[in-house]
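Everything on this sheet refers to the single structure shown next.
Lettering of chains follows the sequences in order, A, B, ..., and the numbering in each one begins at 1. In what follows, every heavy atom counts, from backbone to side chain, and hydrogens, waters and symmetry copies are set aside.
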Amino acid sequence: MRIATWNVNSLKARLERVEEWLAYAKPDVLCMQETKLANSAFPAMAFESLGYESAHHGGGRWNGVAILSRVGLADVVAGFSGETEPDPIESRLLSADCGGVRVSSVYVPNGRSLDSEHYQAKLTWLSDLTDHLTNTCRPDAPVAVCGDFNVAPQDRDVFDPTKFKASTHTSDAERAAIARLREWGLDDAFRALYGQERLFSWWDYRAGDFHQGRGMRIDLILTTQPMMKAARWGLIDRNARKGKSPSDHAPVLIDFEL
DNA sequence: ATGGTAGCGCTGCTA
């Protein structure tokens with residue numbers, strides 16, 4: 001099973017490129033983030049014609065997450081478990097059963113700066129995600145939590161660690177939040193396949209960062225042990241970051257022998 | 001050199 005994640009930075013602006021990518025990458029499951037669409041504007045028919053069922057959770061303009069699947073899509077849940085009235089603007093979590101795997105598409109809050117209330121909200125959000133997993137699934141079952149975590153788990157996941165002192169995405173507290181997900185039972189499947197390599201999934205649009213290799217690896221596929229054991233191969237598709245009107249993120253995919 | 005670009009949507013915010 002090929003599982004992919006891609007922050008598309010507006011699905012309205014990116015639909016053609018997503019369709020093109022689906023046609024050649026042929027993922028079984030694609031988690032998308034930052035669709036920036038309301039549910040009523042989600043182009044489900046375009047994906048249906050390519051053979052994908054889909055689910056979307058979005059309030060428009062900001063955030064928005066989706067799951068596409070051609071191996072089944074069941075038990076779709078938007079937001080955290082037990083959320084009585086999810087704020088559509090804060091649409092950052094969507095979960096579904098896809099071919100025997102509990103898949104979540106996540107868009108973790110950016111945090112903005114270490115002294116911002118949004119940074120505290122980011123830490124709370126990651127803690128809530130751990131609670132959500134505890135409440136909804138088991139670490140000995142096949143679980144894949146995929147998305148833009150807005151955290152670079154290790155120094156090798158940023159182009160220059162000295163440039164990320166006292167900044168979001170690399171702070172001890174953010175990495176500790178990822179460590180708590182690991183303690184729950186989720187591992188970084190791409191890192192397990194690629195060891196020490198420094199491969200990035202996001203590059204700022206500005207200042208030629210992509211062509212200068214100034215990026216970060218913040219788009220992660222975190223999986224439980226049954227999935228880790230089945231992980232065979234992975235790719236960050238940098239070609240999808242090139243050419244006309246790319247997202248600032250590249251898609252990340254992993255093949256699991258399931 | 002604290003710049004630079006993109007998306008949304010119409011003013012400045014978010015990333």
Round to the nearest Å and state the distance from [X] atom [atom1] to [N] atom [atom2].
X	N	atom1	atom2	result
His249(A)	dT5(B)	NE2	C1'	13 Å
Asn63(A)	dC13(B)	CG	C1'	13 Å
Leu11(A)	dC8(B)	CG	C1'	14 Å
Asn9(A)	dA6(B)	CG	P	11 Å
Glu34(A)	dC13(B)	CD	C1'	13 Å
Arg61(A)	dC13(B)	CZ	P	11 Å
Glu117(A)	dC13(B)	CD	P	14 Å
His118(A)	dA15(B)	NE2	C1'	12 Å

For Phe210(A), which contact category applies under a 4.0 Å heavy-atom criterion: base, sugar-phosphate, or nothing?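 Nothing, no heavy atom under 4.0 Å.
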Out of dA15(B), dT14(B), dC8(B), which has the shortest distance to the side chain of Tyr107(A)?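 Out of dA15(B), dT14(B), dC8(B), the nucleotide with an atom closest to Tyr107(A)'s side chain is dA15(B).
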Show which residues join Tyr205(A) in its hydrophobic cluster (side-chain heavy-atom contacts under 4.5 Å, direct or indirect), or state none. none
Val143(A): hydrophobic cluster co-members (side-chain, 4.5 Å):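 Reading the cluster by chain and number, Val143(A) sits alongside Phe80(A), Leu93(A), Val106(A), Val108(A), Trp125(A), Leu126(A), Leu129(A), Leu133(A), Val145(A), Phe149(A), Val151(A), Ile178(A), Leu181(A), Trp184(A), Leu186(A), Leu220(A), Leu222(A).
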Most 5' of Asp204(A) and Arg112(A) on DNA chain B, judged by nearest nucleotide: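 It is Asp204(A) whose nearest nucleotide is closer to the 5' end.
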Starting from the 5' end of DNA chain B, give me the residue, Gly111(A) or Ser10(A), whose nearest nucleotide shows up first.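 With Gly111(A) and Ser10(A) compared, the 5'-side residue is Ser10(A).
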ring-ring contact (aromatic ring centres under 6.0 Å, His included) partners for Phe210(A), two or more places apart: Trp203(A)
Going by the rule side-chain hydrogen bond (donor to acceptor under 3.5 Å, both in side chains), which residues pair with Asp237(A) if we only count those two or more places apart in sequence or in a different chain? Trp21(A), Tyr24(A)
Are Asp188(A) and Arg217(A) ion-paired here, with the side-chain N under 4.0 Å from a carboxylate O? yes
In whole angstrom, give me the gap between the [atom1] atoms of [N] and [M].
N	M	atom1	answer
dC10(B)	dT14(B)	C1'	15 Å
dT2(B)	dG12(B)	P	24 Å
dA15(B)	dG4(B)	C1'	13 Å

I want to check one thing: is the phosphate of dA6(B), taken as OP1 and OP2, less than 4.0 Å away from some side-chain N or O of Ser245(A)?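 Ser245(A) to dA6(B) OP1/OP2: no side-chain N or O under 4.0 Å.
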Has Arg14(A) got a side-chain N or O lying under 4.0 Å from the OP1 or OP2 atom of dG7(B)?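 Checking dG7(B) against Arg14(A), a side-chain N or O does come within under 4.0 Å of OP1 or OP2.
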Dump the pairs, protein N or O against N or O of nucleotides 2-4 of chain B, anything under 3.5 Å, distances to one decimal.
unit_1	atom_1	unit_2	atom_2	d
dG4(B)	O6	Arg206(A)	NH1	3.4

Ignoring hydrogens and geometry, is there a side-chain-to-backbone donor-acceptor pair from Arg14(A) to Val8(A) under 3.5 Å? yes
Salt bridge (Lys or Arg N to Asp or Glu O under 4.0 Å) involving Asp172(A) - partner list, sequence neighbours excluded: none
